[in-house]
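For reference, the structure discussed in these notes is given below.
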Amino acid sequence: MYKIVFFGTSEFAVPSLKALMDDGRFEILGVVTQPDRPVGRHAVLTPPAVKLEIPAQAGIQILQPEKLKDESFQTWIKGVGPECDAFVIISYGKILPQWLLDLPKHGVINVHGSLLPRWRGASPIQAAIAAGDEKSGITIMQLDAYMDHGSIIRQIEEPIHADDIGSTLHDRLAESSGKYLPDILSDFLDGKIQPREQDHTAATYCQTLAREDGKLDFTKTATQLERLIRAYNPWPGTWMDFDGQRLKIISARIGAEDNAKSAGQKFSRDNTPCLACANGTILEITQLQPEGKSAMTGAEFLRGKRNWE
RNA sequence: CGCGGGAUAGAGCAGUUGGCAGCUCGCCAGGCCCAUAACCUGGAGGUCGCCGGUUCAAAUCCGGCUCCCGCAA
């Protein structure tokens with residue numbers, strides 16, 4: 001049995017953790033995840049998704065160090081690390097320092113949500129949809145000292161559909177990871193797979209996203225914005241200013257062009273609120289959400305808001 | 001007790017000097033039309049989130065409560 005320690009925090013890591021827990025080839029000596037954080041409107045202290053997946057009777061040790069330098073964590077990881085075949089890190093949320101990468105026998109294995117070297121960084125799924133990529137996928141790789149830079153063990157492609165939003169692609173990639181990771185990890189540890197170095201000249205990068213990044217810029221084309229709206233749904237979401245408030249745009253489609261409209265102009269067509277974008281391209285808003293209100297369709301929005309045009 | 005918006009017909013919203021509850025849709029019936037998601041006529045559908053208070057009279061003023069949501073984290 002291979003001994004591993006699992007580092008992971010968010011939903012993306014859950015299918016992989018479950019797959020490894022259920023697989024007799026692996027013994028999980030511990031799960032390292034972020035501390036419980038205040039979440040939501042009333043800042044309720046909430047455990048990370050990964051922690052919630054671990055049944056109490058599994059007897060798996062859970063560690064939630066605030067910092068990797070915490071003395072108790074260091075003592076534990078340095079004790080258990082050298083007997084590990086590998087650490088598996090998926091969506092953990094911290095950069096692992098070199099001393100930690102050096103602990104396990106075969107290093108640290110990472111799953112990244114893109115086909116590296118494309119989309120290194122913190123938001124590969126949103127970046128792929130926003131860029132109009134036709135396919136995405138997961139990369140199982142060795143972690144080295146640079147971000148998403150290590151040698152590739154294996155990649156699994158996943159097509160991006162025209163109606164994919166951030167969460168749907170996220171979920172498929174997470175499932176894909178859970179489905180393939182155990183076998184690939186096992187083969188790698190058996191020495192059956194020789195990792196290959198990335199083509200670093202082909203690397204592209206994406207940033208950590210914040211809510212501000214979701215502000216729609218109507219000097220872009222409707223095609224670009226429609227992709228962005230899907231990519232950023234549900235996180236970080238896209239929005240525009242209207243009536244002194246923030247209007248979240250949940251979904252939209254591309255309408256027939258109209259060169260008489262100027263970029264950013266609001267109008268309606270067939271009971272659907274529309275926005276003019278670059279070069280006369282038109283975005284038809286199908287679903288949106290005003291501040292303080294629940295999500296509604298574009299037609300519903302127009303019934304109450306007479307000042308859209 | 002982090003800041004803020006909201007709850008009125010099936011949906012989206014108006015409605016404060018307190019005085020019979022409205023609009024745009026949808027729905028039902030009928031009409032017009034070759035036809036229609038278009039147009040015309042009529043109709044059904046509300047304990048105005050809940051509890052209490054003030055008043056001759058409360059959607060509206062006062063107090064308490066529940067739920068939904070935007071921001072922030």
Side-chain angles (χ1 to χ4, degrees), chain A residues 7-14 32-52 62-70 91-95 121-123 125-126 130 165-168 170 206-218 225-226 228-258 264-275 282-309:
Chain A
F7 292 69
T9 299
S10 73
E11 290 287 344
F12 190 72
V14 167
V32 184
T33 189
Q34 295 276 342
D36 295 4
R37 300 289 189 200
V39 167
R41 216 165 343 253
H42 302 293
V44 178
L45 205 58
T46 305
V50 157
K51 184 181 177 183
L52 295 173
I62 300 172
L63 296 100
Q64 298 180 276
E66 191 65 51
K67 296 180 176 181
L68 295 176
K69 291 177 181 173
D70 287 355
S91 178
Y92 171 57
K94 288 187 192 301
I95 304 293
S123 56
I125 296 170
Q126 289 95 331
I165 62 175
S167 58
T168 55
H170 167 281
C206 52
Q207 309 291 315
T208 300
L209 296 175
R211 275 231 157 79
E212 264 324 286
D213 297 319
K215 181 168 184 172
L216 295 176
D217 174 4
F218 297 108
L225 293 179
E226 189 273 339
L228 193 73
I229 290 165
R230 285 189 289 114
Y232 284 14
N233 182 358
W235 173 259
T238 48
W239 53 277
M240 61 181 285
D241 291 319
F242 174 68
D243 223 8
Q245 292 192 317
R246 184 175 288 213
L247 188 62
K248 295 179 81 170
I249 306 300
I250 297 169
S251 67
R253 58 172 179 251
I254 296 164
E257 297 192 8
D258 183 348
Q265 187 176 347
K266 300 185 289 288
F267 63 101
S268 64
R269 181 197 276 170
D270 297 333
N271 290 323
T272 302
C274 298
L275 288 159
I282 302 298
L283 205 57
E284 297 182 350
I285 304 173
T286 50
Q287 205 172 16
L288 46 67
Q289 180 174 19
E291 256 180 54
K293 296 291 185 178
S294 306
M296 64 184 78
T297 65
E300 288 169 334
F301 175 74
L302 282 182
R303 266 176 228 144
K305 284 275 191 280
R306 300 290 189 68
N307 56 341
W308 175 251
E309 302 192 49

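These values consider heavy atoms only, across backbone and side chains, with no hydrogens, waters or symmetry-generated copies. Numbers restart at 1 for each chain; the letters A, B, ... are given by sequence-line order, proteins then strands.
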Quick check against the 3.5 Å criterion: does A:Thr238 have a side-chain atom that pairs as donor or acceptor with the backbone of A:Ile249? yes

Pairwise C1' distance, B:rA14 and B:rA59 [rounded to whole Å]: 12 Å

What's the gap between B:rC3 and B:rA57 when it is taken at their P atoms, as a whole Å value? 37 Å

For atom P, what is the distance between B:rU60 and B:rU24, given to the nearest Å? 25 Å

Side chain of A:Gln289 - closest among B:rG6, B:rC69, B:rU24: B:rC69

Would you check, one step at a time, whether the test ring-ring contact (aromatic ring centres under 6.0 Å, His included) holds for A:Phe267 with A:Trp308? CA-CA 7 Å; A:Phe267 63 101; A:Trp308 175 251; 9.0 Å; no

Using purine N1 to pyrimidine N3 plus N6-O4 or O6-N4 for Watson-Crick, or N1-O2 and O6-N3 for G-U wobble, both under 3.5 Å, which nucleotide pairs with B:rG18? none

If I pick the C1' atom on B:rG46 and the same atom on B:rG64, what distance separates them, to the nearest angstrom? 25 Å

In this structure, how many angstroms lie between the P atom of B:rU24 and the CG atom of A:Asn307, rounded? 18 Å

Grab the CZ-C1' distance between A:Phe242 and B:rC13 for me, whole Å please. 13 Å

P atoms of B:rC48 and B:rA7, separation to the nearest Å: 14 Å

Among A:Thr9, A:Val32, A:Leu68, which one satisfies side chain to side chain contact (heavy atoms under 4.5 Å, CB included) with A:Lys94? A:Leu68

How about A:Leu45: does its CG atom have over 12 heavy atoms from other parts shown lying under 6.0 Å from it? yes

So does A:Arg211 get a side-chain nitrogen or oxygen closer than 4.0 Å to the phosphate oxygens (OP1/OP2) of B:rC71? yes

Is there a Watson-Crick or G-U wobble partner for B:rC39 with both distances under 3.5 Å, and which nucleotide is it? B:rG31

Evaluation steps, side chain to side chain contact (heavy atoms under 4.5 Å, CB included), between A:Gln287 and A:Phe301: CA-CA 9 Å; A:Gln287 205 172 16; A:Phe301 175 74; over 6 Å; no

Tightest non-hydrogen contact, residues A:Leu283 and A:Ala252, listed as CG-CB, 3.8 Å

Tell me which of A:Ala299 and A:Glu212 sits closer to the 5' end of RNA chain B, going by the nucleotide each one is nearest to. A:Ala299

In numerical order, the residues of residues 35-47 of chain A whose heavy atoms come under 4.0 Å of RNA chain B are A:Pro38, A:Val39, A:Gly40, A:Arg41

Rounded distance in Å between the C1' positions of B:rG10 and B:rG26: 7 Å

Salt bridge or not for A:Glu226 and A:Arg253, using N-O below 4.0 Å? no

On RNA chain B, check which nucleotide each of A:Gln245 and A:Glu300 is closest to and give me the residue with the more 5' one. A:Gln245

Complementary nucleotide for B:rU66 - Watson-Crick or wobble, under 3.5 Å: B:rA7

Only pairs with both distances under 3.5 Å count, Watson-Crick or wobble alike; so what is the partner of B:rC71 in this structure? B:rG2

Please determine if A:Arg246 and A:Glu212 form a salt bridge, counting it only when a charged side-chain N lies under 4.0 Å from a carboxylate O. yes

The side chain of A:Glu291 is closest to which nucleotide in this list: B:rG12, B:rG70, B:rC68? B:rG70

Determine the interatomic distance between P on B:rA9 and the same-named atom on B:rA21; round to the nearest Å. 14 Å

Side chain of A:Lys293: nearest nucleotide among B:rG12, B:rC71, B:rG6? B:rG6

